[in-house]
Visitor: 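Pasting in a structure now, in structure tokens, and then I'll have a few things to ask.
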Amino acid sequence: MTITSPHLGSSKAWTDAQLLYALEEVVEKELNRHLKVAKDWMPHEYVPFSDGRNFPGIFEDGEAWETGQSKVTDIGRIALVVNLLTEDNLPSYHHEIASLFGRDGAWGTWVHRWTAEEGRHGIVMRDYLLTSRAVDPDKLEQFRMAHMAEGFESDNRHSMLHSVAYVAFQELATRVSHRNTGHQSGDPVCDRMLARIATDENLHMVFYRNLLGAAFDLAPDLTMQSVRDVVVNFRMPGHGMPGFERAAAQMAIGEIYNMRIHHDDVIQPVLRYLKVLDIDGLGPEGLKAQEELGLYMSGLDSEASKFDEKLAARKARVAARAAQG
């Protein structure tokens, strides 16, 4: 099946300002849809405060943190810290999208609404982690300070269209990471909390995915190039945090987020929904980007298959050692 995208003037004629104006009506429509389906929820309702107790400090009866005090698994702890530190950089994310999308009209209303909803995620995760004693509170704060003091700059800050393409995939990636962390956490309370967060992230993905679809209708060649650039160079927003590479490797082995999940559950669903690889009527640059995107996805699938084989072999070794006692 192919989709014919009308050319409303040359793609090269579009500037960020023109696209922002042209997409305003779509943003308003998607914002209204989002507000109808999004449900307010209270972070404190997902935190087992009755399980909490004092840490050492101004409280003389404070109990020092130890690993065994929490139900959370080792991989769950690692992923929760990564996910929370990612949420902690919300001020930088807000600054970037407010600078790109503006603070007025439907764009501005969305920017502030999105920021408010994302703020809940950091609140509930930190409260849960400290109350349940899932992580060392001192190290968590040290990581937060180091991560935020380093600052954050998006790889796509140069282009509104690249940024829209990025968040369409990144919001889904975040949703998948939260959901899988909940499944692997070992604590039903944690699982319920992260399922609630994942629901928000999915709604955010739908907003940006639909906006990306509208951008394809307006400027198909430019949008295709943006999607190609974003997919080929995709990095999670927490890539600059302390120890991220090691944590990412552990999360890959723990099947929270890895190449197979990235291909099957994040990139492919968005491309498939928008039928990106089937869009017809592209100019030379758009067609080149579409072909390069297809080739990249094929290569990513092959690399994911190699990872699957290595992971299966590792599981077999672990099972064999366990069987030997």
Visitor: Using a strict threshold of under 4.0 Å (side-chain N to carboxylate O), is an ion pair present between Asp40 and Arg113?
Guide: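 Asp40 and Arg113: salt-bridged.
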
Visitor: What verdict does the side chain to side chain contact (heavy atoms under 4.5 Å, CB included) test give for Glu117 and Leu203, after you've listed the backbone C-alpha separation in whole Å, the side-chain angles of each residue and the deciding distance to 0.1 Å?
Guide: CA-CA 11 Å; Glu117 291 184 3; Leu203 291 177; 5.9 Å; no

Visitor: Passes side chain to side chain contact (heavy atoms under 4.5 Å, CB included), Glu30 versus Tyr208? Steps please.
Guide: CA-CA 9 Å; Glu30 290 301 317; Tyr208 287 118; over 6 Å; no

Visitor: Take a 6.0 Å sphere around CD of Glu25 and say whether it holds more than 12 heavy atoms from other residues, nucleotides or ligands.
Guide: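 Not more than 12 within 6.0 Å, no.
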
Visitor: Does Lys71 offer a backbone N or O that forms a donor-acceptor pair with the side chain of Asp187 under 3.5 Å?
Guide: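 Looks like no, no N/O pair under 3.5 Å.
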
Visitor: Looking at Glu150 and Ala146, would you say the former's side chain and the latter's main chain have a donor-acceptor pair under 3.5 Å?
Guide: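 Checking the backbone N and O of Ala146 against the side chain of Glu150, no donor-acceptor pair under 3.5 Å is found.
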
Visitor: Tell me the closest heavy-atom pair linking Leu293 and Val276, and the distance in Å.
Guide: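 Nearest pair, atom of Leu293 first, then Val276: CD2-CG1, 3.8 Å.
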
Visitor: Just verifying a value: how many Å separate Asn210 CG and His34 NE2, rounded to the nearest 0.5 Å?
Guide: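 So the gap between those two atoms works out to 12.0 Å.
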
Visitor: Counting N and O atoms only, with roles assigned by atom type, does the side chain of Glu255 sit under 3.5 Å from a partner on the main chain of Asn180, one being a donor and the other an acceptor?
Guide: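 Side chain of Glu255 to backbone of Asn180: no pair is present.
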
Visitor: Does some side-chain heavy atom of Tyr257 sit less than 4.5 Å from a side-chain heavy atom of Thr181?
Guide: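 No, too far: nothing below the 4.5 Å cut-off.
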
Visitor: Would the number of heavy atoms belonging to other residues, nucleotides or ligands and lying under 6.0 Å from CD of Glu45 be above 12?
Guide: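 Check passes, neighbour count above 12.
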
Visitor: Could you tell me if the side chain of Leu80 sits less than 4.5 Å from the side chain of Leu194, heavy atoms only?
Guide: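 Side chain of Leu194 against side chain of Leu80, heavy atoms only: contact under 4.5 Å found.
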
Visitor: Should Met259 and Val231 be regarded as members of a common hydrophobic cluster, given that ILVMFWY residues are connected when their side-chain heavy atoms come within less than 4.5 Å of each other, either directly or indirectly?
Guide: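 Same cluster.
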
Visitor: Could you tell me whether the side chain of Leu172 reaches within less than 4.5 Å of the side chain of Pro269, counting heavy atoms only?
Guide: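 Yes, close enough: below the 4.5 Å cut-off.
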
Visitor: Is the count of non-hydrogen atoms from other residues, nucleotides or ligands lying under 6.0 Å from Gln268 atom CD greater than 12?
Guide: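 Yes, the 6.0 Å shell around CD holds more than 12 heavy atoms from other groups.
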
Visitor: Hey, is CG on Asp104 packed in by over 12 heavy atoms from elsewhere, all under 6.0 Å?
Guide: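 Atom CG in Asp104 is not packed in, count stays at 12 or less.
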
Visitor: Look at Glu141 together with Arg144 and state whether they make a salt bridge at an N to O cut-off of under 4.0 Å.
Guide: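 The answer is yes: the pair qualifies as a salt bridge.
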
Visitor: Sort out for me which residue in Gln290, Glu291, Glu292 forms a side-chain hydrogen bond (donor to acceptor under 3.5 Å, both in side chains) with Arg228.
Guide: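 Exactly one option meets the side-chain hydrogen bond (donor to acceptor under 3.5 Å, both in side chains) with Arg228, and it is Glu292.
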
Visitor: Rounded to the nearest 0.5 Å, how far does OG1 of Thr15 lie from CG of Leu20?
Guide: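 One finds 8.5 Å between CG of Leu20 and OG1 of Thr15.
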
Visitor: Answer with yes or no whether the hydrophobic clustering places Tyr21 together with Ile97; edges join I, L, V, M, F, W, Y residues whose side-chain heavy atoms lie under 4.5 Å apart.
Guide: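 Tyr21 does not cluster with Ile97.
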
Visitor: Measure across Trp41 and His121 and return the closest heavy-atom pair with its distance rounded to 0.1 Å.
Guide: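 Smallest interatomic distance, heavy atoms only, reads CZ2-CD2, 3.8 Å.
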
Visitor: May I ask you to test the Ile197-Val124 pair for a side-chain heavy-atom distance under 4.5 Å?
Guide: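 Side chain of Ile197 against side chain of Val124, heavy atoms only: contact under 4.5 Å found.
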
Visitor: Check for a donor-acceptor pair, side chain of Thr223 on one end and backbone N or O of Ala215 on the other, with a separation under 3.5 Å.
Guide: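 At least one qualifying donor-acceptor pair exists.
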
Visitor: Within this structure, what is the CG-CD distance for the pair Leu23 and Glu28, rounded to the nearest 0.5 Å?
Guide: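 With rounding to 0.5 Å, CG (Leu23) is 13.0 Å from CD (Glu28).
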
Visitor: Between Trp110 and Phe207, is the ring pair (Phe, Tyr, Trp, His ring centres under 6.0 Å) condition met? List the steps.
Guide: CA-CA 10 Å; Trp110 167 254; Phe207 177 95; 3.7 Å; yes

Visitor: Has Ser163 got a side-chain atom pairing as donor or acceptor with Asn156's backbone, closer than 3.5 angstrom?
Guide: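 Yes: the side chain of Ser163 pairs with the backbone of Asn156.
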
Visitor: Minimum heavy-atom separation for Ile75 to Gln184, with atom names?
Guide: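 Heavy atoms only, the tightest pair is CG2-O, 4.1 Å.
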
Visitor: So, do Val82 and Phe143 sit near enough that their side-chain heavy atoms are less than 4.5 Å apart?
Guide: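 A side-chain contact is absent here, since even the closest heavy-atom pair is not under 4.5 Å.
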
Visitor: Would you tell me whether Thr174 and Gln170 have side-chain atoms, one donor and one acceptor, within less than 3.5 Å of each other?
Guide: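 Note: Thr174 and Gln170 side chains meet the donor-acceptor criterion.
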
Visitor: Could you go through the salt bridge (charged side-chain N to carboxylate O under 4.0 Å, His left out) check for Lys288 and Glu285 one step at a time?
Guide: CA-CA 5 Å; Lys288 177 184 177 184; Glu285 291 301 315; 5.1 Å; no

Visitor: Please say yes or no: joined through hydrophobic side-chain contacts below 4.5 Å, possibly via intermediate residues, are Phe49 and Met125 part of one cluster?
Guide: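 As far as the 4.5 Å side-chain criterion goes, Met125 and Phe49 are connected within one cluster.
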
Visitor: Could you measure the distance from the CG atom of Leu19 to the CE atom of Met160? Nearest 0.5 Å is fine.
Guide: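 Taking CG in Leu19 and CE in Met160, the distance rounds to 4.5 Å.
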
Visitor: When the ring planes of Phe152 and Tyr93 are compared, do they come out parallel, tilted or perpendicular, using 30° and 60° as the limits?
Guide: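 Ring orientation, 0 to 90° scale: perpendicular.
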
Visitor: Hey, are the side chains of His162 and Arg157 touching, using non-hydrogen atoms and a 4.5 Å cut-off?
Guide: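 No. Closest side-chain heavy atoms not under 4.5 Å.
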
Visitor: Evaluate whether atom CZ of Arg314 has more than 12 neighbouring non-hydrogen atoms of other residues, nucleotides or ligands under 6.0 angstrom away.
Guide: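 It does not: Arg314 CZ has 12 such atoms or fewer within range.
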
Visitor: Could you go through Thr131 and Arg53, starting from their C-alpha distance and side-chain angles, then the distance that decides it, and tell me whether this counts as side chain to side chain contact (heavy atoms under 4.5 Å, CB included)?
Guide: CA-CA 7 Å; Thr131 301; Arg53 49 200 188 275; over 6 Å; no

Visitor: Atom OG of Ser132 and atom CZ of Arg77: how far apart are they, to the nearest 0.5 Å?
Guide: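 It is 9.0 Å, given to the nearest 0.5 Å.
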
Visitor: Give me the atom names and distance for the closest heavy-atom approach of Trp14 to Leu222.
Guide: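 Minimum heavy-atom contact is CB-CD1, 3.9 Å.
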
Visitor: Of all the heavy-atom pairs spanning Gly122 and Leu84, show the shortest one and how long it is.
Guide: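 Looking at all heavy atoms of both residues, the closest pair is O-CD1, 3.7 Å.
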
Visitor: Hey, is NE2 on His239 packed in by over 12 heavy atoms from elsewhere, all under 6.0 Å?
Guide: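 It does: His239 NE2 has more than 12 such atoms within range.
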
Visitor: Do Glu303 and Lys306 sit within salt-bridge range, that is, some charged N less than 4.0 Å from a carboxylate O?
Guide: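 Salt bridge: yes.
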
Visitor: Validate the cation-pi geometry between Arg209 and Tyr273: distance from NZ or CZ to the six-membered ring centre under 6.0 Å, angle to the ring axis within 45°.
Guide: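 Cation-pi check for Arg209 and Tyr273: passes.
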
Visitor: Does Arg317 use its side chain to pair, donor to acceptor, with the backbone of Ala312 at less than 3.5 Å?
Guide: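 No: the side chain of Arg317 does not pair with the backbone of Ala312.
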
Visitor: Is the backbone N or O of Ala106 less than 3.5 Å from a side-chain atom of Glu24, with the two atoms forming a donor-acceptor pair by type?
Guide: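 Yes: the side chain of Glu24 pairs with the backbone of Ala106.
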
Visitor: So, taking the atom named CG in Leu271 and the one named CG in Asp278, what distance separates them when rounded to the nearest 0.5 Å?
Guide: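 Atom-to-atom, Leu271:CG and Asp278:CG are 10.5 Å apart.
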
Visitor: If you measure from the Lys or Arg side-chain nitrogens to the Asp or Glu carboxylate oxygens, is any gap between Glu171 and Arg175 under 4.0 Å?
Guide: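 No, no charged N to carboxylate O under 4.0 Å.
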
Visitor: With hydrophobic residues grouped by side-chain heavy-atom distances under 4.5 Å, do Leu35 and Leu211 end up in a single group?
Guide: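 Same cluster: Leu35 reaches Leu211 through Ile, Leu, Val, Met, Phe, Trp or Tyr contacts under 4.5 Å.
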
Visitor: Just checking Tyr166 against Phe234, ring centres under 6.0 Å apart?
Guide: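 Yes, ring centres under 6.0 Å apart.
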
Visitor: Please give me the minimum heavy-atom distance between Val135 and Trp65, naming the atom from each residue.
Guide: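 Heavy atoms of Val135 and Trp65 come nearest at O-NE1, 3.0 Å.
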
Visitor: As a quick check of understanding, evaluate side chain to side chain donor-acceptor pair (under 3.5 Å) for His44 and Asp127, giving each step before the final call.
Guide: CA-CA 8 Å; His44 58 266; Asp127 285 349; over 6 Å; no

Visitor: With heavy-atom distances below 4.5 Å as the criterion, would you say the side chains of Arg126 and Asp88 are in contact?
Guide: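 In contact.
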
Visitor: In the structure I gave you, are the side-chain heavy atoms of Ser177 and Met251 within less than 4.5 Å of one another anywhere?
Guide: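 With C-beta onward as the side chain, the pair touches.
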
Visitor: Determine whether a donor-acceptor pair (N or O, by modelled atom type, separation under 3.5 Å) exists between the side chain of Arg246 and the backbone of Gly243.
Guide: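 No, the answer is negative, given that no donor and acceptor are paired below the 3.5 Å cut-off.
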
Visitor: Met224 vs Leu282, test: side chain to side chain contact (heavy atoms under 4.5 Å, CB included). Steps then yes/no.
Guide: CA-CA 9 Å; Met224 187 65 73; Leu282 296 166; 3.8 Å; yes

Visitor: Group every Ile, Leu, Val, Met, Phe, Trp and Tyr by side-chain heavy-atom contacts under 4.5 Å, then state whether Phe307 and Ile256 land in the same group.
Guide: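 Phe307 clusters together with Ile256.
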
